[in-house]
Amino acid sequence: MKVLVVGANGQIGKHVINKLKESNHFTPRAMVRKQEQVDYFNDLGVDTVLASLTGTVDEIAEAAKGCEAIVFTAGSGGHTGYDQTLLIDLDGAGKTIEAAQKSGVDRFIMVSAIPADKRESWTAIQPYMVAKHYADKMLVASGLNYTILRPGGLLNEEPTGKISIGSHIDRSTIPREDVASTILAVLENNNTINQSFDLVSGETPINDAIAKI
């Protein structure tokens, strides 16, 4: 299965690319927006396409052509204004959903955030949560075979390989590499289709947790 990773140059995205590349079942395609990023992934031997979430749906659909799944792990980051949150985390996600429909890519994995699905819990970074909330709703309504992961606070720590998942998980943290490993497990398990869940570090091995969804 060829998988387009949108946001491949991000911290989670790079982990996802590496894990897909190491897998026997998947081939990654990195979607990036700068030529130097293309060169970086090409040097790794990864199929790479140049396209921007601020571009057109057609450009993203062309990037996805020939793929069987999309992983959306793009984000505007914490150092930009809320205008970029609107353009990347909301409209960029919406464009990618439309592009998946247009290019015939049926499987879509969305990296969201705790607690994007619970308005009453939005005590901080509310515009970011609004963007994630409505991007997730667009995906659910799209007719695509979706999975939505809502990780807690993201850490650049060594992975534990163990997680806790559910619909009402208390806010906590998780290493970015464990999020990437969970994405790989989601792609490997069809029981995750049309499912969404919170995701934090826990006591259950990733493959076991995903198999029990």
Side-chain angles (χ1 to χ4, degrees), residues 3-16 19 31 53 60 69-78 80 82 84-101 105 107-155 163-187 189 191-202 206 209-210 213:
V3 182
L4 178 70
V5 180
V6 180
N9 197 59
Q11 295 182 77
I12 292 176
K14 285 181 176 178
H15 285 303
V16 172
K19 291 183 183 300
M31 182 177 131
L53 291 173
I60 301 170
I70 292 175
V71 173
F72 188 93
T73 183
S76 57
T80 61
Y82 286 133
Q84 290 301 304
T85 300
L86 182 67
L87 291 172
I88 302 302
D89 298 84
L90 179 53
D91 193 47
K95 286 177 182 176
T96 307
I97 292 165
E98 292 180 41
Q101 295 168 320
V105 180
R107 191 75 172 96
F108 199 110
I109 315 301
M110 177 77 83
V111 179
S112 183
I114 289 178
D117 60 327
K118 301 177 181 68
R119 285 193 185 95
E120 65 276 9
S121 300
W122 296 350
T123 57
I125 55 173
Q126 291 191 22
Y128 172 77
M129 287 297 169
V130 169
K132 292 297 186 186
H133 177 83
Y134 284 101
D136 294 351
K137 287 177 75 72
M138 282 190 287
L139 179 56
V140 171
S142 69
L144 299 174
N145 288 327
Y146 70 85
T147 307
I148 299 170
L149 293 73
R150 296 185 295 266
L154 299 169
L155 304 174
I163 58 174
S164 178
I165 61 176
S167 58
H168 297 283
I169 301 290
D170 290 336
R171 291 194 200 190
S172 187
T173 57
I174 184 169
R176 286 178 168 87
E177 189 170 349
D178 280 336
V179 175
S181 295
T182 304
I183 291 168
L184 186 68
V186 162
L187 285 166
N189 287 270
N191 65 311
T192 62
I193 290 174
N194 298 341
Q195 301 285 342
S196 60
F197 53 85
D198 299 341
L199 170 66
V200 297
S201 291
I206 290 171
I210 293 302
I213 287 179

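Side chains included, hydrogens not; waters and symmetry mates left out as well; all remaining heavy atoms used. Just so it is clear, the structure is predicted and the values come from calculations on it, not from any experiment. All residue numbers refer to positions in the sequence shown, counting from 1.
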Non-neighbouring partners of H133 that pass ring pair (Phe, Tyr, Trp, His ring centres under 6.0 Å), sequence neighbours left out: W122
Carefully, step by step, assess T147 and L149 under the rule side chain to side chain contact (heavy atoms under 4.5 Å, CB included). CA-CA 7 Å; T147 307; L149 293 73; 4.1 Å; yes
Could you name each residue pair satisfying salt bridge (Lys or Arg N to Asp or Glu O under 4.0 Å) that touches residues 131-151, not counting sequence neighbours? D89-K132, D117-R150, R150-D198
Sorted by first residue and then second, give each salt bridge (Lys or Arg N to Asp or Glu O under 4.0 Å) pair with at least one member in residues 163-187; sequence neighbours left out. K19-E177
Min side-chain heavy-atom separation L184-V16 under 4.5 Å: no
Please tell me if the side chains of R107 and L144 come closer than 4.5 Å, counting only heavy atoms from C-beta onward. no
Check: N145 side chain, A69 main-chain N or O, donor-acceptor pair, under 3.5 Å: no
Verify, without hydrogens or angle tests, whether K95 (side chain) and L53 (backbone) share a donor-acceptor contact under 3.5 angstrom. yes
Which distance, rounded to the nearest 0.5 Å, do you find between the CD1 of I109 and the CG of L187? 4.5 Å
In chain order, what residues pass the side chain to side chain donor-acceptor pair (under 3.5 Å) check against Q11, with sequence neighbours excluded? N156
Does S164 reach the side chain of S201, with side-chain heavy atoms less than 4.5 Å apart? no
Polar side-chain atom of Q101 near backbone of S142 as donor-acceptor pair, under 3.5 Å: yes
For F72, which of I97, V6, I148, V111 qualifies under side-chain contact (heavy atoms from CB on, under 4.5 Å)? V6
List for me each residue that meets side chain to side chain donor-acceptor pair (under 3.5 Å) alongside Y134, sequence neighbours excluded, and say none if there are none. R119
Checking T73 now: which residues fulfil side chain to side chain donor-acceptor pair (under 3.5 Å) with it, not counting sequence neighbours? none
